[in-house]
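What you see is a predicted model, and the numbers here were worked out from it, not measured in a lab. Counting starts at 1 for both ligands and their atoms, following the listed order.
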Amino acid sequence: MQLLDGKFVSEKIKQDIAAEAAEFLTSSGRKPHLVAILVGNDGGSETYVASKMKNCEKVGFQSSLIRYDNSVTEAELLAKVEEINNDTGVDGLIVQLPLPKHIDPEKVTEKIDYRKDVDGFHPVNLGRMMRNLPCFIPATPYGIMLMLQAYGIDTAGKHCVVVGRSNIVGSPMSILMGRNANPGNCTVTLTHSKTINLKEMCLQADILIAAIGRKNYITADMVKPGAIVIDVGMNRETSATTKSGYKLYGDVDFEHVAPIASWITPVPGGVGLMTIVGLLKNTLASAKGEIYA
Ligand code: GUN
């Protein structure tokens, strides 16, 4: 088994991003600028947004965090999105999900100017991705593609089984792996909570991508020996033994799956770090006008 090391790859790509951001600063007189909106106090969201902001600073971007408590109205949030859409000093805007129940995430997602939608969640970006047009690709699937590329993994002709059909990961991932591109050119099966014979499906996977959101859901008896295993799980549990007070678990039972996999991502230290890289690359591309002029 070989590790797909998110720490190593993300640090390497961030060096390249930092160099490009410095060039951009020299030529334009400003830094790429990402704005994040965070509503409420969800522990996971707090951690992920803090990490996004910290990484922006590390690569020489400007970052701004706008916080609201859970009582913010949908109208207030939409008005703020509109304001940022119109701010020419902002290249990328993300609204961290999930949002409180009284706010419709679809309305918020559609309100974000697709030209600043560096999460790649807006229907325009998803539609353009389907048609192989320049667009912002959702950060997690983008990060996974960069990881496969970094390790020179040949995906062409392989059977990729994606577990989970979320808008953020599973669905776009299935599209990207099936595209006529490299990485890509896979035969893709998208499985989900209603799939009857999930174990048999997973056992056919040359590349297994687990994005189901359940701790240790993929067990060793579901994995074909020699498979490439990508674990998107970020299952957070409180822990008395860690400094932060919580521990992160993947969707894959790493201990028992790793010995039979050819390649595998650890959690933490795998896909999560690559997601940030995807977001940073989209923000830089936005600043440079590479996707939308
Ligand atoms: N919640 C979980 N993943 C994401 C992400 O990539 N972007 C945003 N905005 N919210 C998320």
Trainee: Show which atoms of ligand 1 fall inside a sub-4.0 Å distance from at least one heavy-atom site of F121.
Mentor: 5 (C), 6 (O), 7 (N), 8 (C), 9 (N)
Trainee: With a 4.0 Å cut-off, would you call E57 and K54 a salt bridge?
Mentor: no
Trainee: Under 3.5 Å, is there a donor-acceptor pair between the side chain of K116 and the main chain of I84?
Mentor: yes
Trainee: Between D117 and Y292, do the side chains contain a donor N or O and an acceptor N or O under 3.5 Å apart?
Mentor: no
Trainee: Out of all atoms in ligand 1, which are within 4.0 Å of some heavy atom of K52? Include the element for each.
Mentor: 5 (C), 7 (N)
Trainee: Are the side chains of C160 and T155 in touch, meaning some heavy atoms are under 4.5 Å apart?
Mentor: no
Trainee: Among side-chain atoms of T219 and H256, is any donor-acceptor pair under 3.5 angstrom?
Mentor: no
Trainee: Does L97 reach ligand 1 with a nitrogen or oxygen that is under 3.5 Å from one of the ligand's nitrogen or oxygen atoms?
Mentor: yes
Trainee: Nearest to atom 11 (C) of ligand 1, what protein heavy atom do you find, and at what distance?
Mentor: Q96 NE2, 3.3 Å
Trainee: Would you say V95 and ligand 1 have an N/O pair spaced under 3.5 Å apart?
Mentor: yes
Trainee: Does the N or O separation between T140 and ligand 1 drop below 3.5 Å for any pair?
Mentor: no
Trainee: Which residue and non-hydrogen atom of the protein lie closest to atom 8 (C) of ligand 1, and at what distance in Å?
Mentor: D119 OD2, 3.4 Å
Trainee: If you apply the rule salt bridge (Lys or Arg N to Asp or Glu O under 4.0 Å), what do you find for D42 with R236, and how did you get there?
Mentor: CA-CA 11 Å; D42 175 75; R236 223 165 168 263; over 6 Å; no
